[in-house]
Amino acid sequence: TLRAENSRIDWEVLMMGIKKRDLLRTKKTLQFYKVVGFWGSDIVLAPDALEDDQVLVYSKSELEELINDGIFLKVRRAE
């Protein structure tokens, strides 16, 4: 079911250490992105800057790789 699938996705993301409302920063451009939710099994990041309205969508493994490679840095943990 969809509910069971969403629970599985949430668990995988929590195991990776990413939660909704976490704030990430790009190393190169110093832009901030907030984890705003999911699109299917992918993670959706929205820019923190008001003038930018393009969201980013990554699979769990893609975002994990970007964080491990230092492309994205986690700067604030959601409460």
Side-chain angles (χ1 to χ4, degrees):
T1 68
L2 184 58
R3 184 177 183 155
E5 183 178 325
N6 283 340
S7 295
R8 181 184 55 77
I9 293 164
D10 291 346
W11 176 251
E12 287 177 358
V13 172
L14 286 173
M15 292 302 293
M16 169 180 141
I18 294 291
K19 289 177 24 179
K20 190 173 179 181
R21 295 187 306 279
D22 279 354
L23 190 64
L24 305 175
R25 179 178 60 83
T26 60
K27 183 177 180 179
K28 187 175 182 178
T29 63
L30 305 178
Q31 291 179 300
F32 290 90
Y33 289 89
K34 188 179 290 186
V35 177
V36 294
F38 302 98
W39 180 262
S41 62
D42 295 333
I43 301 165
V44 180
L45 305 175
D48 204 40
L50 294 176
E51 63 275 1
D52 189 0
D53 61 358
Q54 184 173 351
V55 299
L56 304 175
V57 180
Y58 293 107
S59 70
K60 173 192 168 286
S61 60
E62 287 175 320
L63 187 55
E64 190 172 41
E65 185 177 327
L66 290 169
I67 291 171
N68 289 339
D69 290 347
I71 305 299
F72 276 108
L73 306 170
K74 192 185 303 184
V75 295
R76 187 177 73 213
R77 182 79 175 145
E79 302 280 326

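The shown structure was predicted, so the numbers you read here are calculated from the model rather than taken from an experiment. Below, each value reflects all heavy atoms present in this structure, side chains not excepted, and no hydrogens, waters or symmetry copies.
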> Taking all non-hydrogen atoms of both residues, which atom of V36 and which atom of A46 are closest, and how far apart?
Replying inline: CG1-CB, 3.6 Å
> Say you draw a straight line from OG1 of T29 to NZ of K27; how long is it, rounded to the nearest 0.5 Å?
Replying inline: 12.5 Å
> Can you name the side chain to side chain donor-acceptor pair (under 3.5 Å) partners of E62, sequence neighbours left out?
Replying inline: S59
> Of all heavy-atom pairs between Y33 and Q54, which one has the smallest distance, and what is that distance?
Replying inline: CE2-O, 4.5 Å
> Is L23 reachable from V44 through a run of I, L, V, M, F, W or Y residues, each pair having side-chain heavy atoms under 4.5 Å apart?
Replying inline: no
> What's the shortest heavy-atom distance between L66 and Y58, and which atoms?
Replying inline: CD1-CE2, 3.4 Å
> Can you find a heavy atom in the side chain of L63 that is under 4.5 Å from one in the side chain of L45?
Replying inline: yes
> In Å, rounded to the nearest 0.5 Å, how long is the span from NZ of K34 to CG of D22?
Replying inline: 10.5 Å
> Considering all heavy atoms of both residues, which atom of D42 and which atom of V57 are nearest to each other, and what is their separation?
Replying inline: CB-CG1, 3.5 Å
> Looking only at heavy atoms, what is the nearest atom pair of R25 and L30, with distance?
Replying inline: NH1-CD2, 2.7 Å
> Side-chain contact, heavy-atom cut-off 4.5 Å: F72 with T26?
Replying inline: yes
> With D69, which residues qualify under side chain to side chain contact (heavy atoms under 4.5 Å, CB included), at least two apart?
Replying inline: E65, I71
